[in-house]
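Notes follow the structure.
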Amino acid sequence: MKAENEQRTGLLYGFGAYGMWGLVPLFWPLLKPSGAVEILAHRMVWSLAVVGLALLALRRWGWIRELLRQPRKLGMTALAATVITVNWGLYIWAVNNGHVVEASLGYFINPLVSIAIGVLVLGERLRRAQWVAVGLSFAAVLVLAIGYGRPPWISLVLAFSFATYGLIKKKLNMGGLESLAAETAVLFLPALGYVLWLGAQGQSTFASHGVGHAALLAATGLVTAIPLVFFGMAAIRVPLSTLGLLQYMAPVFQFGLGVLYFHEAMPPERWAGFSLVWAALALLTWDALRTARRSRIRLEAAAPAVVAAPAREPA
């Protein structure tokens with residue numbers, strides 16, 4: 001009963017995390033007339049403040065000394081910070097410039113890009129269904145490139161930057177709160193310097209558009225930190241396969257907002273490209289569920305044999 005309650009709680013946290021990530025396109029337009037770079041700088045500054053308070057409350061500081069003693073790990077943290085900065089900055093720009101649908105495509109194809117990176121970088125071997133899914137996603141990009149008259153560069157940069165970020169995080173093996181603190185700390189001074197420079201130039205919107213606007217810019221820290229905390233609470237309570245399915249919530253919400261709320265155009269070629277991506281994701285999900293089921297059956301079949309095997313006496 002306790003395990004069921006824990007899993008139910010984990011699902012609620014998971015829905016909360018991906019739901020907030022899916023609805024975040026509604027937030028960034030509220031920050032206009034701030035530009036994408038100014039919003040990004042405030043996001044870094046206030047995220048560190050929020051995460052720092054959380055770490056202070058939890059008294060989790062021991063990892064800092066360990067990180068500073070490992071130059072390679074510190075360098076990888078800086079690389080992760082750089083990659084996620086590109087991802088965050090482009091996403092904010094895309095939402096505030098009428099490209100919500102194209103941005104959502106980036107997160108739809110992100111799992112497929114992660115698979116490709118696994119093959120090319122980690123030497124992983126793909127099953128047949130995974131190869132077909134990757135092929136479908138490649139075909140989708142071609143269809144969209146023909147339809148746009150150019151490659152869907154926003155989608156591709158978002159997908160590849162986030163997949164690269166995931167690869168670096170996998171190698172770093174740090175907790176969500178700690179890694180976010182480290183990454184924002186790396187870029188805190190440049191971000192704060194940019195904010196102060198804007199103020200000195202009289203171009204900052206933080207103090208010139210009222211208390212409400214300043215509060216919204218400060219809230220970027222909460223918008224960044226809360227979903228990550230929820231995700232971390234979900235990750236320790238529900239299976240990874242369940243989280244893998246939940247991750248599609250965010251781009252589905254973003255796509256829906258782009259079409260229904262922001263009224264972005266969806267010509268036939270765009271529908272065709274998205275349909276190919278969705279077919280690839282459906283195939284990928286089916287293959288993952290089938291593989292997990294087969295693994296579970298093999299483990300259940302092997303368990304009685306292990307129990308029944310007589311213990312060997314020491315020689």
Side-chain angles (χ1 to χ4, degrees), residues 14-15 17-26 28 87 90-91 93-120 124 126-166 240-293:
F15 280 122
Y18 286 109
M20 283 185 277
W21 279 326
L23 295 174
V24 78
L26 295 173
W28 302 126
N87 185 274
L90 180 58
Y91 184 76
W93 179 89
V95 170
N96 283 355
N97 286 273
H99 298 286
V100 177
V101 169
E102 192 173 348
S104 75
L105 176 64
Y107 293 105
F108 274 124
I109 65 176
N110 174 66
L112 298 158
V113 173
S114 295
I115 288 174
I117 287 178
V119 173
L120 297 174
E124 296 176 356
L126 298 188
R127 296 181 292 275
R128 185 179 302 174
Q130 291 175 314
W131 277 116
V132 174
V134 171
L136 284 172
S137 68
F138 183 73
V141 171
L142 288 179
V143 168
L144 290 165
I146 294 170
Y148 282 120
R150 59 169 176 81
W153 67 269
I154 294 174
S155 308
L156 293 174
V157 173
L158 288 174
F160 275 91
S161 60
F162 201 72
T164 303
Y165 178 69
L240 192 60
S241 58
T242 304
L243 280 181
L245 294 175
L246 287 177
Q247 74 174 327
Y248 299 130
M249 277 181 59
V252 166
F253 282 12
Q254 293 164 13
F255 176 80
L257 286 172
V259 174
L260 301 175
Y261 182 80
F262 294 103
H263 304 293
E264 293 185 16
M266 282 296 293
E269 60 272 16
R270 185 176 277 192
W271 279 114
F274 269 85
S275 297
L276 285 170
V277 170
W278 293 333
L281 293 176
L283 181 60
L284 204 62
T285 302
W286 169 79
D287 179 68
L289 292 174
R290 182 187 62 167
T291 303
R293 182 173 176 274

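Note that the numbering runs from 1 along the sequence shown for the chain.
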Would you check if V141 and P151 make a side-chain contact, meaning some heavy-atom pair closer than 4.5 Å? no

May I have the step-by-step check of ring-ring contact (aromatic ring centres under 6.0 Å, His included) for W271 and F274, ending in yes or no? CA-CA 5 Å; W271 279 114; F274 269 85; 7.4 Å; no

For E264, what residues pass the salt bridge (Lys or Arg N to Asp or Glu O under 4.0 Å) criterion, not counting sequence neighbours? none

Look up atom [atom1] in [X] and atom [atom2] in [Y], then write down how far apart they are to the nearest 0.5 Å.
X    : Y    : atom1 : atom2 : answer
S137 : N110 : OG    : CG    : 11.5 Å
L90  : I154 : CG    : CD1   : 6.0 Å
L23  : Y18  : CG    : OH    : 14.5 Å
I109 : L156 : CD1   : CG    : 5.0 Å
M266 : H263 : CE    : NE2   : 14.5 Å

Can you tell me how the ring of H99 sits relative to the ring of W93, calling it parallel under 30°, perpendicular over 60° and tilted otherwise?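 Judged by the thresholds at 30° and 60°, the geometry between H99 and W93 is parallel.
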
Specify whether Y165 and F162 have parallel, tilted or perpendicular ring planes, treating 30° as the upper limit for parallel and 60° as the lower limit for perpendicular.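 Tilted.
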
side-chain contact (heavy atoms from CB on, under 4.5 Å) for V113 and T164? Distances and angles first, verdict last. CA-CA 9 Å; V113 173; T164 303; over 6 Å; no

Should Q254 and F108 be marked as a side-chain contact (heavy atoms from CB on, under 4.5 Å) after you check the CA-CA gap, both sets of side-chain angles, and the distance that decides it? CA-CA 10 Å; Q254 293 164 13; F108 274 124; over 6 Å; no

Apply the test side-chain contact (heavy atoms from CB on, under 4.5 Å) to residues V259 and V101: give CA-CA distance (whole Å), side-chain angles for both, the deciding distance (0.1 Å), then the verdict. CA-CA 7 Å; V259 174; V101 169; 4.0 Å; yes

Determine, step by step, whether L26 and Y261 satisfy the side-chain contact (heavy atoms from CB on, under 4.5 Å) criterion, reporting the C-alpha distance in whole Å, the side-chain angles of both residues, the deciding distance to 0.1 Å, and the verdict. CA-CA 9 Å; L26 295 173; Y261 182 80; 3.7 Å; yes

Minimum heavy-atom separation for [X] to [Y], with atom names?
X    : Y    : result
A272 : V143 : CB-CG1, 4.0 Å
A94  : A103 : CB-CB, 4.2 Å
P25  : V95  : O-CG1, 3.5 Å
L158 : G106 : CB-CA, 4.4 Å
L283 : A129 : CD2-O, 3.4 Å
G273 : A140 : O-CB, 3.4 Å

Heavy atoms of other groups near R150 CZ, more than 12 under 6.0 Å: yes

Contacts of type side chain to side chain donor-acceptor pair (under 3.5 Å), residue N87, not counting sequence neighbours: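 Partners of N87 under the side chain to side chain donor-acceptor pair (under 3.5 Å) test: Y107, S161.
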
